[in-house]
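Quick notes on the structure that follows.
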Amino acid sequence: MSVVGSAPQNVPRFVTLGLIPLANLAAAFIISGLVVVIVGDDPLQALEVMLYGAFGSAESWGFTLYYATNFVFTGLAVAIAFHCGLFNIGGEGQAMLGGLGVGLVCLGFDDWPFVVVFPLAIVACALFGAAWAFVPGYLQAKRGSHVVITTIMFNFLASALMTYLLVEVLIAPGQQSPESREFAPGAWLPYMHDMLRAIGISMPETPLNLAFVVALAASVFVYYFVWRTRWGYEIRTVGQNETAAVYAGISPSKNIILAMAISGALAGFVGLNEIMGVQHRLILDFSGGYGFVGIAVALMGRNHPVGIALSALLFGALYQGGTELAFEMDKITREMVVVIQGFVILFAGALEHMFRPQLESLFTRRSNAAAPAGE
Amino acid sequence: MADAFLYVLLILDATFRVATPLVLAALAGMFSERSGVIDIGLEGKMLGSAFAAAACASVTGSAWAGLLVGVAAAIALSMLHGFACITHRGNQVVSGMAINIVVAGLAPTLGFAWFHQGGQTPPLSGDARFASLTLPFADATADWPIIGPLYSELISGHNIIVYMAAAAVPIAAWILFRTRFGLRIRAVGENPHAVDTAGISVVAIRYRALIVTGILCGIAGSYLSIAHGAGFARDMTAGKGYLALAALVFGKWKPVPTLFACLLFAFTDALQARLQGADIPGIGVIPVQFIQALPYILTVLLLAGFVGRAIPPKAIGQPYVKER
Amino acid sequence: ADFTPAIVFDMGGKFDKSFNEAAYHGAEAFKKDSGVDYLEFEVTQASQREQAMMRMAKKGANIIVAMGFAQAGAVEKAAKEYPDTKFTIIDMVVDLPNVQSIVFKEHEGSFLVGMAAALASKTGKVGFVGGMDIPLIRKFAQGYVEGAKYANPDVEVFQNMTGTTPAAWNDPTKGGELARSQFDRGADVVYAAAGGTGIGVYQAAKDAGKLAIGVDSNQNYLHPGTMLTSMIKRVDVAVEEAFTSAKNGTWKPGIQVLGLAEGGVGWALDEYNEKLVTDDMKAKVEAAKADIIAGKIKVTDYMMQN
Amino acid sequence: MSLPALELRQINKWFGPVHANRDVSFRVDRGTIHGIIGENGAGKSTLMSIVYGYYQADGGTILVNDKPCPIETPEDAIDAGIGMVHQHFMLVDTFTVLENVILGVEGGPVLRSGMAAARKELDRLERDYALQVDIDSMVGDLPVGLRQRVEILKALYRGAEILILDEPTGVLTPQEADHLFRILANLKEQGKTVILITHKLREIMAITDNVTVMRQGAVVANVPTADTTREKLAELMVGRSVLLRVEKKPVTPGEVVLSVRGLKVTDGAGVHRVKDVSFDVRAGEIVGIAGVSGNGQSELLEALAGMRPISGGEIVYKGKSIAASGKIGSPRDLRRIGMAHVPEDRHRAGLVLSFSANECTILGYHDDVAYNGGLFLDNKAMVRECARQEEAYDVRPQNPMLSASGFSGGNQQKLVLAREMERDPDLLLVGQPTRGVDIGAIEFIHRRLIEMRDAGKAVLLVSVELDEIMSLSDRIIVMFDGGIVGEVDQVGAEEATIGLMMAGERVAA
Ligand SMILES: Nc1ncnc2c1ncn2[C@@H]1O[C@H](COP(=O)(O)OP(=O)(O)OP(=O)(O)O)[C@@H](O)[C@H]1O
Ligand SMILES: Nc1ncnc2c1ncn2[C@@H]1O[C@H](COP(=O)(O)OP(=O)(O)OP(=O)(O)O)[C@@H](O)[C@H]1O
Ligand SMILES: [Mg+2]
Ligand SMILES: [Mg+2]
């Protein structure tokens, strides 16, 4: 990413990392609050419901983190493609295919022990997601087909494929809705509350499951892969300067394909969380827009795993807090929740620099000591 | 033979209707992206203007008033995008997505508050909607061989926005390549530093380009709710903004190729509607999902086969910062 | 009162102009009659179904109505978790002691409107526009085709599905185009079972001076003069009945199949379409209705096939 | 005494903590050519950008024609009659020359009429100032020399009376530079004022009337050119005395390291860029390839380095064929067998500007065991090696964590050179090693190249700087239109002869 107006060195870190994001969030909530007032509800109560709903109890944390899990996956997926200079809008389709892979494994092997099914499922969702991203990656690398268009097209193709499979092939016999049969419980990802109970911690039941741990592992993996391995180095070189890559003997096309495949694999893990973790059957529409929102997650997280984890948490909180809002407040509909989410993305994401100059100059001392750099 | 001819004509007729919002939205995107501002928010702007147009038309009973307000709404959203990306140098993709999301929630919310019909606007009829126009002599010439049906079925009988879209392509091309404004838009999208040092404000040019984007998007959205359709329904753009964006890239940011990309999308869409459930000799009935996927498969194949690398405007996506 | 009913709408939302909206009207009717307010939630994410039901059960809802087949999984879990709470699921069967499953014989209602379509058609060609190609919609389509063929064995039926993503339920523009494509091929009556997409279908029929058939609720009023009739599925009644019976203590678990005989489905005749439905048509359709109820005509249930 | 066209008083400019201009004051007389020199980062470009309204000063006054003239935007500067040719051209590559020139002064909302008028005016300017260029060609297709003319035309078309040129000759061939100077002299004759920023003392001495020397943001001298010498200026600039002439021992060539046989290179558009080129480079010698830019040298260099496919011929390295009939070795493999390559354009190929210096240090060597401690890159080793190279090559600031874009051009070049030369290659391919680099750094880089040669390495040097070629090379090959027009020994080589060859004439040397 291009660093916009490299910040003066002598702004305290708490301003850049704490105060400015806070100011942005505050602005988002103030505007959203206005909307709440307009529909005739109490904005402060709404804020409270939202915050409490997202973070107020162990249960709300569970839900928030469960949503965040999906966003971590799709955010990382977008980010890794971005590091290679590619804009992967296909997270949605890749997530669907990942889910398909997990589903097939679970349907086929759910009578096998979990220790076998789990790695198989991981491999399957990564492979299926990767395969769905591989094709656009390959076409970009070898044929110059713009990855933005092809990934959009592949989203449509993925849902056509899923609809076909669930209606014609995988639908459970005697079943009315386009869903597969439920997997045997042996093939379910353990829930966090069950895992914690096993070690004596009690936690209310939430959809939070083992996939959350996989998401954390994926973040660590992406960090090391991108910044600490030669493959990541090659991908970043291609993304930043393709000529320099050629100069260094790095093949742009190979890395474009690799980055897309990894990106697709990461997006595919949404299927792990949703299908194996929560739904326990293959359904339609489980990808629920996570692939798209992953773009915002990645960009707001500066394409860095730590940033992505934080912004995934923010989005998880927005989803969970928003659900609570719709529950608790009569006049707040699910559409209003969407509006609030949109404003947060607008202010915390797109308008992030709005308060920067003022806040920075407030906290900056001009140092006369520094001499000009240079020879 | 005559049947086949008419069949093709009717498919083309449908193609025009489906292509209209795509063409307008893609041209809208063209102005924005040519000036260096990515516009992933076409979807939201269209939806916003579809709502505003329908709301206004249903209140005033005038389609023209509706169009005006629809355009105004799209311009307002466009300016919001500009405020975030041009003035505050925010991330253009994030801003576009935020706008899409805000509008997707706001339109039904307002719709519900104003019309109490579940977020929709009341169905429009009469003057509140642009009716199909019968061009002069269309009826008289209808019986002429070939030309008759061509004129009366294909050319005549669309609503005014279809003709606006048809006119928009040459006009947009003319503005972009033959006027001072167009020259500056193209320059600012390729090398904003060159524009700045030529004594022109980069910010002002980009804002103006975004106004044009708003106008075109507004017309596209209005088409959906007060011309082709007759009222607003939530999420009624159904991904057309993204498809328009794809057409723009497909058309390499040039007006005429973009038009053809839109027509291609629309044509395959019209075709797939007619192929669904059709018994294809030797193959039988193909599952409907595969027919529905046809436009997308075709696009991918075309992209891989014939359309070379698309080179976007050089400065696209980067906020303008004075640097060397 | 400490009676709290609750309803969970599915992704279409309570204003989807068809299924969910009918349920909403049912719930509102209950509220008006009984003065008892109800809890509600509109699902936007697959995982929220279960979340919503658990929330409501925890909040002390006595009965929770779940709208749509997609909620079956969530109902199953929630019903097991909260065995004292009553659950009613519409359009799907969940076999648990505290669950009431209400399914409709949409094929029977569709049969009737299929007949009406074929009888009203001058070209002998009629159309069907569905949202997504899922079993439920095929059930509508199949009944419709059978009805049309019953009335006119030579009738040609065009079938179109709108799309493969959830957007297919809310794309009036595309719906309009699909209807037009059917008109272009000679159809003069179309039946839409596609949620909000149907709005575009009815509008296209009106613009082209052709006939359209509404679905789920009585949509005849939308375009008097071109709405031939509507296939009504009394989801509203079912929801209101579930609430009321739960309140009165007459609620019973188990499967309820609502067809023509039970008045759960039917075709709409009112002042908006009385000019379109001739006496002859009415007579034939009503006769067939009686035959279906009597079991003389068997309408195929798509769901029973696989 | 003539009138001052431009006067600066107490100009100050900060970039964050960097004081780029400190109390800069001087005046430029009307109808003169005024030189400004200074090291990389001395603040010359910043100062001129302020005069042109591109940056705003934090303090100070600008006077044009003796009147205070607040210049807030480039528009103000244009109105005040100031034109500027930027160090990095401000042109739209996808536009024609004509479109570039009229941008901002289109003469009406519709282009057609304005364009017609502009054609006439451009015709006149071209004639008056000998600034020939095909105004309908795409700027991106033009060689740099012509692009610069476009920039000058742009300024003149806007009625510039004061013309600022920032390092205009950095990218020009001697012929092009001579032509430029004739144009500048012409401008001066017609009463225009020219401000010329350059690193080349020869140019200062040759055409300027007065010269201002800057160091670390401040003016350190302001003298009539006639009253000073190259050595004095160099010392003022760098703050120490500089050796302006390269000293080297007689050549002792060893065996052939690189042998090129009938090499042909065709570019993506199917144009033959290199036509049947054959030559050898031996250990212990520097072979210079001279030529006006765009005559195939760049493509030749890239083909040798494995960055470009060849369409014919053979490349033999240390007796082994590394590329023949279309097949080339990848740059990665070539590095492994002892070839190194300093690319012509450090920004385009040599560096990834957003990477930190230590990441740039491993570019091309990233799968070397030295940096790969098993699965992961060995960050410590990278930083250590980068620090070592920065130290050895006197890169400033000496900070392995700073991103490459944070270094000045000269220091960026040193980073690339250090990376490629510290590997102790047997063959070094170097393109334009001192483009845009100040004299202090040039001296350093030249010394390093000679050291390589003296250590028995083979060096192939491509440069459009004839001076550089003449002073460094042991043999000189001249390229024209993709082919070799001749080869001369450095000893006894005449600049005039080579100049003629560069123009395509076959001269018996
Ligand atoms: N855009 C900028 N942002 C931050 N600092 C800058 C910027 N431009 C210049 N500087 C600072 O100003 C100083 C002067 O830079 P300037 O480009 O004017 O040098 P210069 O004399 O033109 O060098 P050169 O001979 O390499 O062209 C630099 O040392 C640098 O620290
Ligand atoms: N964006 C920036 N922020 C901070 N300092 C910068 C920035 N850009 C450049 N510099 C500083 O500017 C100084 C000079 O940079 P500059 O780009 O002028 O080099 P240069 O020698 O002119 O390169 P070239 O000749 O290739 O243009 C360097 O010391 C560098 O630290
Ligand atoms: Mg400079
Ligand atoms: Mg510089």
Side-chain angles (χ1 to χ4, degrees), chain A residues 1-11 82-85 144 220-255 302-304 357 360-361 364-375, chain D residues 14-22 39-43 216-217 238 302 305-308 329-335 341 343 345 347-355 359-360 362-367 371-372 375-377 379 394-397 402-403 405-408 410-411 438 440-441:
Chain A
M1 294 239 64
S2 66
V3 182
V4 180
S6 50
Q9 309 292 305
N10 45 2
V11 176
F82 235 101
H83 281 295
C84 197
V220 175
F221 164 79
V222 167
Y223 172 78
Y224 277 98
F225 181 81
V226 170
W227 277 278
R228 300 296 308 280
T229 69
R230 71 196 88 161
W231 302 286
Y233 181 86
E234 293 199 354
I235 284 177
R236 284 187 294 133
T237 307
V238 171
Q240 294 287 342
N241 185 344
E242 209 171 302
T243 319
V246 173
Y247 162 79
I250 296 167
S251 155
S253 52
K254 202 188 91 192
N255 280 285
R302 297 279 188 290
N303 294 308
H304 190 287
E360 273 181 358
S361 66
T364 311
R365 307 137 309 226
R366 175 176 281 177
S367 79
N368 291 18
E375 287 121 313
Chain D
W14 290 87
F15 285 113
V18 176
H19 202 169
N21 289 144
R22 306 167 184 246
E39 284 183 295
N40 289 127
Q216 299 204 344
V238 187
E302 289 191 359
M307 288 176 70
R308 235 176 222 283
S330 106
R332 194 186 297 228
D333 301 336
L334 298 180
R335 281 195 179 85
H341 174 206
D345 187 334
H347 289 177
R348 202 176 72 93
L351 293 168
V352 180
L353 288 174
S354 56
F355 279 10
E359 285 176 308
C360 285
I362 66 165
L363 187 67
Y365 304 98
H366 54 279
D367 46 10
Y371 308 122
N372 282 300
L375 204 52
F376 299 117
L377 288 173
N379 273 23
D394 188 27
V395 175
R396 280 178 262 166
L402 188 65
S403 77
S405 61
F407 291 88
S408 75
N411 285 304
D438 69 39

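Every value quoted in this text rests on a predicted model; they were computed, and no experiment measured them. Every chain is numbered from 1 and lettered A, B, ... according to where its sequence line falls, protein lines coming before strand lines.
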Problem - Donor-acceptor contact present, side-chain A/Tyr247 to main-chain D/Glu302, <3.5 Å - result: no
Exercise for the section: Compare every heavy atom of D/Leu377 with every heavy atom of A/Tyr233, then report the nearest pair and how far apart it is. Expected result: CB-CD1, 4.0 Å
Exercise for the section: Please look at D/Arg308 and chain A and tell me whether the side chain, the backbone, both or neither of the residue comes under 4.5 angstrom of a heavy atom of that chain. Expected result: neither
Practice task
Might you confirm whether atom CZ of D/Phe15 has over 12 heavy atoms from other residues, nucleotides or ligands at distances under 6.0 Å?
Solution key: yes
Exercise for the section: Begin with the C-alpha distance, continue with both residues' side-chain angles, and end with the deciding distance and a verdict on side chain to side chain contact (heavy atoms under 4.5 Å, CB included) for A/Thr237 and D/His366. Expected result: CA-CA 11 Å; A/Thr237 307; D/His366 54 279; over 6 Å; no
Handout entry: Side chain, backbone, both or neither of A/Glu242 within contact of chain D (heavy atoms, under 4.5 Å)
Key = neither
Exercise for the section: Just give me the residue among D/Asp345, D/Ile362, D/Leu353 that pairs up with chain A most often, heavy atom to heavy atom, under 4.5 Å. Expected result: D/Ile362
Practice task
Determine the minimum heavy-atom distance between A/Arg230 and D/Asn372, stating which atoms define it.
Solution key: NE-OD1, 3.4 Å
Practice task
Measure from NZ or CZ of A/Arg236 to the centre of the six-membered ring of D/Phe355, then state whether that distance is under 6.0 Å and the direction lies within 45° of the axis.
Solution key: yes
Problem - Nearest heavy-atom neighbours spanning D/Pro331 and A/Ala248 - result: CB-C, 4.3 Å
Practice task
Look only at the side chain of A/Asn241 and the backbone of D/His347, and say whether a donor-acceptor pair between them is shorter than 3.5 Å.
Solution key: yes
Completion exercise
Residue from D/Asn379, D/Asp333, D/Val352, D/Leu351 scoring the most non-hydrogen pairs under 4.5 Å with chain A is D/Asn379
Handout entry: Region of D/Leu334 that comes under 4.5 Å of a non-hydrogen atom in chain A
Key = neither
